[in-house]
Amino acid sequence: MSFSWKLFSRTLRLPLHRRRALKRLAEFHSRSRTLEEIVWWALNFGGKGFMAVSSMQIPFEITQLAKVVYDLKPKISLEIGTAHGGTCFIWSQLTSEEVIACDINDMSHQKSLYEKFPPASSACKVRLYSGDSHEPGFNSGIQRALNGRQVDFLFIDGDHTVEGVTADYEEYREFVRPGGVIAFHDIVDRQSIASNQVGQFWQRLKKVADVEEFVENQFQTGYGIGILRVPSDGAPTTL
Ligand SMILES: C[S@@+](CC[C@H](N)C(=O)[O-])C[C@H]1O[C@@H](n2cnc3c(N)ncnc32)[C@H](O)[C@@H]1O
C-alpha cells in the first residue's frame, strides 16, 4: 500500500477532530429534538477528517422517510451504505435496540463517535460492520449478529448499480419482519452518474409491489427515496 499524506494527516488529527465532534454531539444531545431537528443535524453536523458526519440527501425526502421510521418505532434498523454516518445518525435517534450500519469502507476510526449517536436515555446500540454486502460471508455475519431476531427497518443505500441494489434487496430482505419497511435511496431514473442505476431496479419493483415514493421535484436529477412495506402476512415481493 502506498503512503498517503491525506490519510497520515487525518490520523494525526484524529484526537482533535474526535474531541470537537463529541462536543458537537453533546450540543445535539443537550435537549430533546424534533424529527426536523434530527434531520437538520444529520445533514449539518459538520466536522473534519474521519469525524465528519454528513449525508447527501434532500431534506424533504429524508424527513418523509424519517417520519415513516418514527411511526414504525423500530427495535432494530439495518443500513447498507453508511458512508459519513448521516443517515445512521437519524436511525440511531429513532431505533430502540440496535442500529446495524454496514459499509464496504473501513469504519474503525468512526466507531468511537457513531457508537455515541443514540441519546443517553436510549438503550440503542450502534454496531458497525465493514465489508462488501455482496460477499456471502458478510451476509452470514449479519445473520449471526441478528441471532434469530428480525429487522424492522432496512435502508439500502450501498452499491448503486442495478445488479448491486438488486442483490442487496434479494439478499437482505429475508431479515425484515412482516410489517417492516425497506427503503431505497436514489430511485429517480435521471442520474448524473452512469453507475447510479437504482432507478432501473425501482421501475421493476414498482411493477410488482405496492410502493411509496418521496421525490421532492419530478424533474430533479438524482436522489428520490422509495419505500416498500413488507406485507404483514408474508415475505417481501420477489422480482
Ligand atoms: C451514498 S453512500 C451512503 C450514504 C448514507 N446512507 C447517507 O445518506 O448518509 C453509499 C455507500 O455505500 C458504500 N458501498 C458501496 N458498495 C457497497 C457494498 N458492496 N457493500 C457495502 N457498502 C457499499 C460506499 O462505500 C458508500 O459509502
Side-chain angles (χ1 to χ4, degrees), residues 21 25 28 38-47 49-66 68-69 74 77-95 99-111 113-114 117 126-143 145 151 153-173 175 181-188 191-199 201-202 214-216 221-227:
L25 190 61
F28 168 76
I38 291 171
V39 169
W40 187 90
W41 273 81
L43 306 187
N44 297 282
F45 191 95
F50 293 115
M51 296 291 119
V53 176
S54 65
S55 182
M56 291 276 285
Q57 299 282 342
I58 293 181
F60 164 78
E61 296 176 355
I62 192 67
T63 304
Q64 293 302 108
L65 177 59
V68 169
V69 178
S77 297
L78 170 61
E79 168 173 275
I80 300 179
T82 294
H84 302 294
T87 46
C88 172
F89 179 88
I90 300 174
W91 319 141
S92 63
Q93 311 309 314
L94 306 177
T95 303
V99 173
I100 300 174
C102 310
D103 203 284
I104 200 163
N105 290 328
D106 174 44
M107 297 186 284
S108 50
H109 291 304
Q110 290 87 338
K111 191 171 182 281
L113 175 64
Y114 294 6
F117 278 170
V126 175
R127 310 219 192 267
L128 305 181
Y129 290 85
S130 296
D132 183 345
S133 62
H134 308 319
E135 285 290 327
F138 189 82
N139 182 289
S140 52
I142 299 300
Q143 190 164 15
V151 164
F153 171 58
L154 168 62
F155 186 50
I156 297 182
D157 192 15
D159 180 348
H160 281 49
T161 62
V162 67
E163 297 80 14
V165 63
T166 306
D168 281 343
Y169 173 65
E170 303 277 4
E171 287 157 19
Y172 291 87
R173 65 180 182 189
F175 298 140
V181 169
I182 304 176
F184 304 85
H185 189 225
D186 284 316
I187 59 157
V188 166
Q191 294 282 341
S192 51
I193 303 169
S195 58
N196 272 3
Q197 300 161 348
V198 181
F201 161 83
W202 186 248
F214 306 132
V215 178
E216 186 179 53
T221 299
Y223 302 95
I225 292 174
I227 70 164

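Remember, it's 1-based here, ligands and their atoms both numbered in the order they're listed.
- Between the side chains of Q143 and S140, no donor N or O sits under 3.5 Å from an acceptor N or O.
- Proximity of the aromatic rings of Y169 and F201 is defined here by a centroid distance below 6.0 angstrom, and this criterion is met.
- Aromatic rings from W41 and F89 are positioned such that their centres are separated by 6.0 Å or more.
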Show the short N or O contacts, below 3.5 Å, that ligand 1 makes with protein N or O atoms; if there are none, say 'none'.
residue  : atom   : partner : partner atom : Å
ligand 1 : 6 (N)  : G81     : O            : 2.8
ligand 1 : 6 (N)  : T87     : OG1          : 2.9
ligand 1 : 6 (N)  : D157    : OD2          : 2.8
ligand 1 : 8 (O)  : S55     : OG           : 2.7
ligand 1 : 8 (O)  : Q57     : NE2          : 3.1
ligand 1 : 9 (O)  : S55     : OG           : 3.0
ligand 1 : 9 (O)  : T87     : N            : 3.1
ligand 1 : 9 (O)  : T87     : OG1          : 3.2
ligand 1 : 16 (N) : D159    : N            : 3.4
ligand 1 : 19 (N) : D132    : OD1          : 2.9
ligand 1 : 20 (N) : S133    : N            : 2.9
ligand 1 : 20 (N) : S133    : OG           : 3.2
ligand 1 : 22 (N) : I104    : N            : 3.0
ligand 1 : 25 (O) : D103    : OD1          : 2.7
ligand 1 : 25 (O) : N105    : ND2          : 3.3
ligand 1 : 27 (O) : D103    : OD1          : 3.4
ligand 1 : 27 (O) : D103    : OD2          : 2.7

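- Note: F45 and F28 fail the aromatic proximity criterion, with ring centroids not under 6.0 Å apart.
- A side-chain contact (heavy atoms from CB on, under 4.5 Å) with Q57 is found for exactly one of L65, I225, V39, I90, namely I225.
- Side-chain atoms of H160 and D186 form a donor-acceptor pair, as typed in the model, at a separation below 3.5 Å.
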